[in-house]
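Ligands are counted one by one from 1 in listed order, and the atoms in each one are counted from 1 as well.
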Amino acid sequence: MTTSTRAKQAAEKAWPSGKRRASARARANFALIKYWGKADARLNVPAVGSISITLDALWSDTDVELDPSLAADELVLDGQRRAEQLDKVSACLDILRERAGVRTRARVVSANNFPTGAGLASSASGFAALVTAAAGALDLELTPREASIVARQGSGSAARSVFGGFVEMHAGHAPDGSDSFAEPLLAGEAWPLEVAIAVTAKGEKEVGSRSGMTRSAKSSPYYAAWVGTQDGDLAAARAAIGLRDFEALAEVAEHNCLKMHAAAMGAVPPLLYWNGATVECLNAVRQLRASGVPAFFTIDAGPQVKAICLPDARPRVEAALRAIPGVLDVLVSGLGAGAELR
Ligand code: 2P0
């Protein structure tokens with residue numbers, strides 16, 4: 001028997017039979033207090049904490065199959081092979097394989113029920129689903145916190161999609177990233193906010209979050225101010241969520257969003273993720289709130305506008321966004337659960 005055959009057999013023994021494949025669903029989240037910038041690029045530790053909501057209507061379904069016949073990991077995303085995303089996927093899988101003591105490569109098939117890479121947090125739901133499914137396939141019992149730490153290494157925002165409802169991500173201080181994880185702040189049922197997402201462009205964005213963050217940190221004169229004022233915004237949002245104070249949450253979330261974009265716009269060359277319809281949506285949401293409709297906006301690294309509102313206001317907010325020229329579609333959602341095996 002060759003060494004590699006022996007190794008393969010030893011690895012196979014490590015798994016109970018029938019557990020080499022697992023599927024998971026994780027839902028998209030978006031931040032009300034944003035993550036933008038890294039303290040450690042290798043471990044993907046964020047420079048700032050963040051607070052997000054997990055959605056119930058936007059998700060990634062991911063299937064991980066460990067196959068001893070594979071020489072390398074494979075990734076099919078929305079029906080297409082995506083070699084350029086494979087490094088990040090394999091890095092996450094490697095962490096879990098090392099824990100399980102196996103080397104078998106995996107076939108990863110993932111599908112989003114919403115546009116990929118367009119500023120709708122597909123990497124968040126994608127990596128949270130990947131870690132959950134891979135841990136299932138490897139028969140690893142991860143605590144949600146451990147899953148969050150591994151998911152973070154795939155994509156920072158994915159650490160938050162491990163949990164449902166209102167979630168806080170801690171930047172952490174440990175050199176090994178062990179205290180850089182997300183945890184639940186408040187169950188979605190405790191304050192069932194809704195969202196209407198104005199899609200103003202389809203297709204993938206030109207500058208991904210990762211390179212946008214790097215460029216902002218390196219060249220924006222506003223980046224230090226962005227990082228330096230984040231703890232105050234986190235505290236204000238935490239307090240507003242604790243008190244279910246919609247107006248207070250609206251004010252700090254809009255401020256934090258525009259501050260993140262200001263830091264990005266100050267980069268060299270500048271990062272402008274918005275189009276004309278983005279600005280029209282932002283103005284419409286501000287006017288709605290000024291007229292007494294409980295709604296506020298947030299915008300991520302893309303041109304889509306997310307309007308967060310109290311449930312009674314959602315039809316009105318959705319209709320206002322639909323009426324704006326350049327809005328191609330409006331997706332609606334409530335708050336959803338954390339990542340789960342299916
Ligand atoms: C957020 N974004 O807090 C912020 C706001 C985009 C704008 O988290 O490099 O895809 O994979 O850790 O998680 C998007 O960043 O970046 C993001 P990586 P990720 O939602």
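Of the heavy atoms in Arg160, only side-chain atoms (C-beta onward) come closer than 4.0 Å to ligand 1. Of the heavy atoms in Asn44, only side-chain atoms (C-beta onward) come closer than 4.0 Å to ligand 1. Contact annotation for Ser209 and ligand 1: only side-chain heavy atoms (C-beta onward) come within less than 4.0 Å of the ligand.
Those atoms of ligand 1 with a heavy atom of Ser123 less than 4.0 angstrom away are 10 (O). Proximity to Gly156 (heavy-atom distance under 4.0 Å) selects the following atoms of ligand 1: 11 (O), 12 (O), 13 (O), 18 (P). Every atom of ligand 1 is numbered from 1 in the order shown, and the set under 4.0 Å from a heavy atom of Met213 is 15 (O), 16 (O). Residue Arg210 has at least one heavy-atom neighbour below 4.0 Å for each of these atoms of ligand 1: 9 (O), 11 (O), 12 (O), 18 (P). Each of the following atoms of ligand 1 lies closer than 4.0 Å to a heavy atom of Met260: 5 (C), 7 (C). Applying the 4.0 Å criterion to heavy atoms of Ala301 picks out, from ligand 1, the atoms 6 (C), 7 (C). Distances below 4.0 Å separate heavy atoms of Ser157 from the following atoms of ligand 1: 8 (O), 10 (O), 13 (O), 19 (P).
Proximity of Ser50 to ligand 1 is not established, as no heavy-atom distance is less than 4.0 Å. At least one heavy atom of Lys38 sits less than 4.0 Å from an atom of ligand 1.
Side-chain contact annotation: Asn275 with Thr278, donor-acceptor N/O pair under 3.5 Å present. There is no side-chain donor-acceptor pair under 3.5 Å between Lys34 and Ser52.
For residues 250-265, the set of pairs meeting the salt bridge (Lys or Arg N to Asp or Glu O under 4.0 Å) definition, not counting sequence neighbours, comprises Asp233-Lys259, Glu254-Arg289.
For the residues Tyr35, Phe30, Phe127, the heavy atom positioned nearest atom 3 (O) of ligand 1 is part of Tyr35.
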* Arg238/Asp231 under salt bridge (Lys or Arg N to Asp or Glu O under 4.0 Å): CA gap, chis, key distance, verdict -> CA-CA 10 Å; Arg238 216 179 284 127; Asp231 283 350; over 6 Å; no
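Among the atoms of Lys34, none of the N or O lies under 3.5 angstrom from an N or O of ligand 1. Taking any N or O of Ile33, backbone or side chain, none lies under 3.5 Å from an N or O belonging to ligand 1.
In this pair, Tyr273 and His261 present their aromatic rings perpendicular. The plane angle is above 60°, beyond the 30 to 60° band. Using a 30° and 60° split on the angle between ring planes, Phe166 and Trp191 fall in the parallel class, below 30°.
For the pair Gln153 (side chain) and Ala91 (backbone), a donor-acceptor distance under 3.5 Å is absent.
The pair Glu65-Arg20 does not count as a salt bridge, with every side-chain nitrogen at least 4.0 angstrom from each carboxylate oxygen. Contact check on Arg27 versus Glu340 returns a salt bridge, with a Lys/Arg side-chain nitrogen under 4.0 Å from an Asp/Glu carboxylate oxygen.
By the side-chain contact (heavy atoms from CB on, under 4.5 Å) test, Asp56 pairs with Ser333, sequence neighbours left out.
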